[in-house]
Visitor: 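Can you keep this structure in mind? I'll have questions shortly.
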Amino acid sequence: MNIEHLIRPNIRNLEPYTPILPFEVLSRQLGVDPADIIKLDANENPYGPSPRVAQALAQAAYLHIYPDPECRDLRAALADYTGLDADYILVGHGADELIDLLFRLVTEPGDVVINCPPTFGMYSFDAAVNAAEVINVRRRPDFSLPVDAVEAAFPHPALWDAPSGVPKLIFVTAPNNPDGGWLSDDDLRRLLALPALVVLDEAYIEFSAHPSRFTWVRDYPNLIVLRTFSKWAGLAGLRVGYGAFPLAIIEHLWKIKQPYNVNVAGQLAALVSLEDREYLLANVARIVDTRQQFYTALQGIDWLEPFPSQTNFILCRVHGRPAAEVKQALARQGILVRYYSTDGLRDCLRISIGTPEQMTRLETALKQL
Ligand SMILES: Cc1ncc(COP(=O)(O)O)c(C=O)c1O
């Protein structure tokens, strides 16, 4: 019996996603003790969560009861952290879940969305899963966003109400992954003047010298801002992200999200993280400090060209030798970095910022290559 035709055609033709290998698998593959692996390939936080998170989880009393579908306590704490009323805030199983939810809310097969590569891969991944058409507006060689090219992807304003062909979503990331660059207020305002929902992903905002635009959601009916606990709060493994949504949008997201999308452990850990934010933000400051020192160190290596970063990682272009070989040589020493071979990122490595000791080991390894 042939049952493959039952699968949605866009999914039958989809390239499988290649996820990062789990730590233990990598350690076995490399023959390196897990304790000796320096994992700088997924922008995780080298200091981990607040110690209070482990204490709270060990004492959690209600693991056998379903979680609060509305994340009430967490949203109240987020309102305090962000300065935006909780009515605008929805929590997700990572920011990743919220990206997928937005597609399910807005696009029908064939609807158009705008992606600005090189950037985070989940926007185009979820577009493919949801059978949306992607217009790729490529960033300039310095990774800045050509806003006029985004504007040019829209028809003349007289046609903005046309039933099809007008892009519905624009994904922009500030600071951007993988280069760490910023999007100015003026450029964001130009995007907001377009007749689409602008999804501004601020996953790395805590590491940036620029202020968040989270509270702008009060003033712009088409702005959505996504954030996460994965990076600054070290909770990548517990999957908690959140977003600010216009009230006319969030009303519908509440209807389609899985009722228990954020589990008890995730809600508790995120809440405790906000209570202990002073500790976590001190770690963020250490990471930013380490980033600045490591950036200077990279500038001293003549075959590497680092890009300035507002995040917890640095993108480097490798000159005069294959970046893939550099990645492999580092991996043999138990140092994992992210290698890219896609358009706009040829010969590039992205290095997450670890502890000062880890970065010194990496610097020594690079100098010896
Ligand atoms: C730009 C960006 N957005 C979102 C995420 C994912 O966030 P979460 O872990 O909350 O799903 C990442 C993770 O690397 C990212 O780089």
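The analysis underlying the following values was restricted to heavy atoms, covering all of them including side chains, and did not include hydrogens, waters or symmetry mates. Start at 1 and go down the list; that is how both ligands and their atoms are numbered. Quick caveat, the model's predicted, so the values are computed rather than measured.
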Visitor: If we only count N/O pairs under 3.5 Å, is Ala95 in contact with ligand 1?
Guide: yes

Visitor: Would Arg317 count as a cation-pi partner of Phe307, with NZ or CZ less than 6.0 Å from the six-membered ring centre and within 45° of the ring normal?
Guide: no

Visitor: Hey, does Glu97 sit under 4.0 Å from ligand 1 if you only count heavy atoms?
Guide: no

Visitor: Using a strict 4.0 Å cut-off to heavy atoms of Thr173, name the atoms of ligand 1 that fall inside it.
Guide: 1 (C)

Visitor: Is any NZ, NE, NH1 or NH2 atom of the basic residue among Asp41 and Lys39 found under 4.0 Å from an Asp or Glu carboxylate oxygen of the other?
Guide: yes

Visitor: Within ligand 1, which atoms have a heavy atom of Arg239 less than 4.0 Å away?
Guide: 8 (P), 9 (O), 11 (O)

Visitor: Name the residue from Thr311, Asn43, Asn312, Thr173 that meets the side chain to side chain donor-acceptor pair (under 3.5 Å) definition with Tyr204.
Guide: Asn43

Visitor: For ligand 1, which atoms sit closer than 4.0 Å to a heavy atom of Ser230?
Guide: 8 (P), 9 (O), 10 (O)

Visitor: If the plane angle is over 60° it's perpendicular, under 30° parallel, otherwise tilted; pick one for His210 and Trp182.
Guide: parallel

Visitor: Between Arg350 and Phe313, is NZ or CZ placed under 6.0 angstrom from the six-membered ring centre and within 45° of the ring axis?
Guide: yes

Visitor: Tell me whether Arg227 is salt-bridged to Glu206, with the criterion being a basic N under 4.0 Å from an acidic carboxylate O.
Guide: yes

Visitor: Taking only heavy atoms of Gly94 into account, list the atoms of ligand 1 that are under 4.0 Å away from them.
Guide: 8 (P), 10 (O), 11 (O)

Visitor: For Tyr47, does the six-membered ring have the charged nitrogen or CZ of Arg286 within the cation-pi criterion, i.e. under 6.0 angstrom from the centroid and within 45° of the normal?
Guide: yes

Visitor: For atom 2 (C) of ligand 1, tell me which residue out of Thr228, Asn177, Asp201 has the closest non-hydrogen atom.
Guide: Asp201

Visitor: Identify the closest protein heavy atom to atom 5 (C) of ligand 1: which residue and atom is it, and at what distance?
Guide: Phe120 CZ, 3.3 Å

Visitor: Taking distance alone, with no angle check, do Asp96 and ligand 1 share an N/O pair under 3.5 Å?
Guide: yes

Visitor: At a 4.0 Å threshold, what atoms of ligand 1 neighbour a non-hydrogen atom of Tyr204?
Guide: 1 (C), 13 (C), 14 (O), 15 (C), 16 (O)

Visitor: Does ligand 1 have any atom that is closer than 4.0 Å to a heavy atom of Phe229?
Guide: no

Visitor: For the pair Phe171 and Tyr123, name the ring-plane relationship: parallel under 30°, tilted 30 to 60°, perpendicular over 60°.
Guide: parallel

Visitor: Answer yes or no: does an N/O atom from Lys231 fall short of 3.5 Å to an N/O atom of ligand 1?
Guide: yes

